[in-house]
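Since we're looking at a predicted model, the values are computed, not measured. Order of appearance sets the numbers: ligands from 1, and atoms from 1 within every ligand.
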Amino acid sequence: MEKNTIRDVSAPGKRVLVRVDFNVPLDDAGKITDDRRIRESLPTLNTLLDNGAAVVAMSHLGRPKGKVVESLRLRPVGELLAALLGRPVDILPDCVGDLVSARVAALSPGGVALLENLRFHPEEEKNDPAFAMRLASLGDLYVNDAFGTAHRAHASTEGVAHYLPAVAGLLMEKEVRYLSRMLEAPDRPFVAVLGGKKVSDKIGVIRNLLGLANTVLIGGGMAYTFLRAKGYEIGASLLEAEKLDLAKELLEEAQKGGVQFLIPTDVVVADKVAEDARTRVVPANAIPEGMIGLDIGPATSAEYGHVIRSAGMVVWNGPMGVFELSPFAGGTRAVAEALTACRGTTIVGGGDSAAAIEQMGFAERIDHISTGGGASLEFMEGQQLPGISVLADK
Ligand code: ADP
Ligand code: MG
């Protein structure tokens, strides 16, 4: 990675302002349902603290849209963070202001403070320079470890870096290391597994990966637009009619570029999207009228699994079916399982794909699961992310 990291700076005695991504999912009662993003920040925070720095952590949570929303306070996150760090965390009632400055100034080496939800202030998302400067006044050094928010140029992810020495945290470094290796020097054969809901969300990713991958495997809702583009009947499956020409173009592009581009040969259909739906497996070129394609079929799963297991590198973005419902989770499970059996490097990007692999219990056997949904997509599209670009070059 050509950016400086916390390894390149001296931390002892410094107050370090660390942008973390503690935007964790909460249930209706406000309980944290997945703490992975908090756990993933620990290497950076512990390294700084063990080196004698005081840490001022800051994050957004949810979408409060510039106002204080009681249910989006960071207190539960701070309490969990304290437990995971095994140190007290001073959970502050705001992210700027005199009281915040005083409490931050009172931190001694090894001390930790957590600022309140940054997006309670509208200036955060506006990347307001005065607000960024107020945040910057809370530290001597800025560390961005929030890969999941790096595609946004906000005050805490971009603006603040103009007022302090700015380096990457260890999670940011790990994310960039895996994702850039994939884009710059992937191990071959390089297989991209792309699914999820819509083609329109993934056009940039498909385009970019078509120029890099040896094989592209298509599943999920987007598969049906490709099947339709081939002239097949797709029943009541998800179709983006305005993307049919694009789908044809991508199929041709793949052929010209010598990329093996596989779409499903069989699919699981049902007449409703429900847990108690009665399912059938049908050939992908003959989906009966009125039936909805909701997962890749067993023959497709077997074929994709075979390709994935023998890959040198695999990147997976987007579930193969409506995995949230058990009758349609088989294809996603098969792909996830094949990834764990692959001897090459395995990378998962995308919020729902990461959730699926976690939920199915395969997470520990994947080399890298990106903590950024939108950020990993933009990275895979080949875009520069503002929260990374702004950090000091090596
Ligand atoms: P990611 O977050 O990993 O990038 P997406 O957000 O693009 O993935 O897509 C995930 C969603 O796609 C899931 O909620 C899943 O239910 C849905 N999906 C998958 N297959 C289908 C399908 N055949 N029809 C409709 N929706 C689908
Ligand atoms: Mg998603």
For the Mg ion (ligand 2), does an N/O/S atom of Asp201 lie at less than 2.8 Å? no
Measuring from the heavy atoms of Gly373, does anything fall under 4.0 Å of ligand 1? no
The Mg ion (ligand 2) is nearest to which N, O or S atom of Asp352? OD2
So is Tyr224 touching ligand 1 or not, going by heavy atoms under 4.0 Å? yes
Nearest-neighbour protein heavy atom for atom 7 (O) of ligand 1, which is reported as residue plus atom name and distance: Lys202 NZ, 2.7 Å
Test your reading of the model: is there a side-chain donor-acceptor pair from Lys3 to the backbone of Leu391, 3.5 Å cut-off? yes
Under 3.5 Å donor-acceptor, Thr300 side chain and Pro264 backbone: no
If you measure every N or O of Ser353 against every N or O of ligand 1, does any of those distances drop under 3.5 Å? yes
What about Asp352: any of its N or O atoms under 3.5 Å from an N or O on ligand 1? yes
Rounded to the nearest 0.5 Å, how far does CG of Leu217 lie from CD1 of Ile263? 11.5 Å
Please work out, at 4.0 Å between heavy atoms, whether the side chain, the backbone, both, or neither of Ile292 comes within that distance of ligand 1. neither
Which residue and atom name correspond to the protein heavy atom nearest atom 26 (N) of ligand 1, and how close is it? Val322 CG2, 3.7 Å
Got a donor-acceptor contact below 3.5 angstrom from the Asn317 side chain to the Leu194 backbone? no
What residue and atom, counting heavy atoms only, is the protein's closest point to atom 19 (C) of ligand 1, and at what distance? Gly321 O, 3.1 Å
I'd like to know whether ligand 1 has Met222 as a neighbour, heavy-atom separation below 4.0 Å. no
What I want to know is whether Gly221 and ligand 1 share at least one N or O pair that is separated by under 3.5 angstrom. yes
Taking 4.0 angstrom as the limit, do Lys31 and Asp27 come out as a salt bridge? no
Tyr224/Tyr232 under ring pair (Phe, Tyr, Trp, His ring centres under 6.0 Å): CA gap, chis, key distance, verdict: CA-CA 9 Å; Tyr224 302 91; Tyr232 305 151; over 10 Å; no
Less than 3.5 Å between some nitrogen or oxygen of Gly293 and one of ligand 1, yes or no? yes
To the nearest 0.5 Å, atom CD1 of Ile203 lies from atom NZ of Lys198 at 10.5 Å
Tell me which protein heavy atom sits closest to atom 13 (C) of ligand 1, plus the residue, atom name and distance to 0.1 Å. Glu324 OE2, 3.2 Å
Hey, which atoms in ligand 1 end up nearer than 4.0 Å to a heavy atom of Gly318? 3 (O), 8 (O)
Non-hydrogen atoms of Leu294 versus ligand 1: any pair closer than 4.0 Å? yes
Indicate yes or no for a side-chain donor-acceptor contact from Ser301 to the backbone of Ala334 under 3.5 Å, with no hydrogens or angles considered. no
In terms of ring plane angle, is the pair Phe147 and Phe379 parallel, tilted or perpendicular, where the classes change at 30° and 60°? tilted
Any side-chain to backbone donor/acceptor pair from Ser376 onto Gly350? Under 3.5 Å, distance only. yes
Looking only at protein heavy atoms, which one is nearest to atom 12 (O) of ligand 1, and what is the separation? Lys197 N, 3.3 Å
Should the heavy atoms of other residues, nucleotides or ligands under 6.0 Å from CZ of Arg63 be counted, would the total exceed 12? no
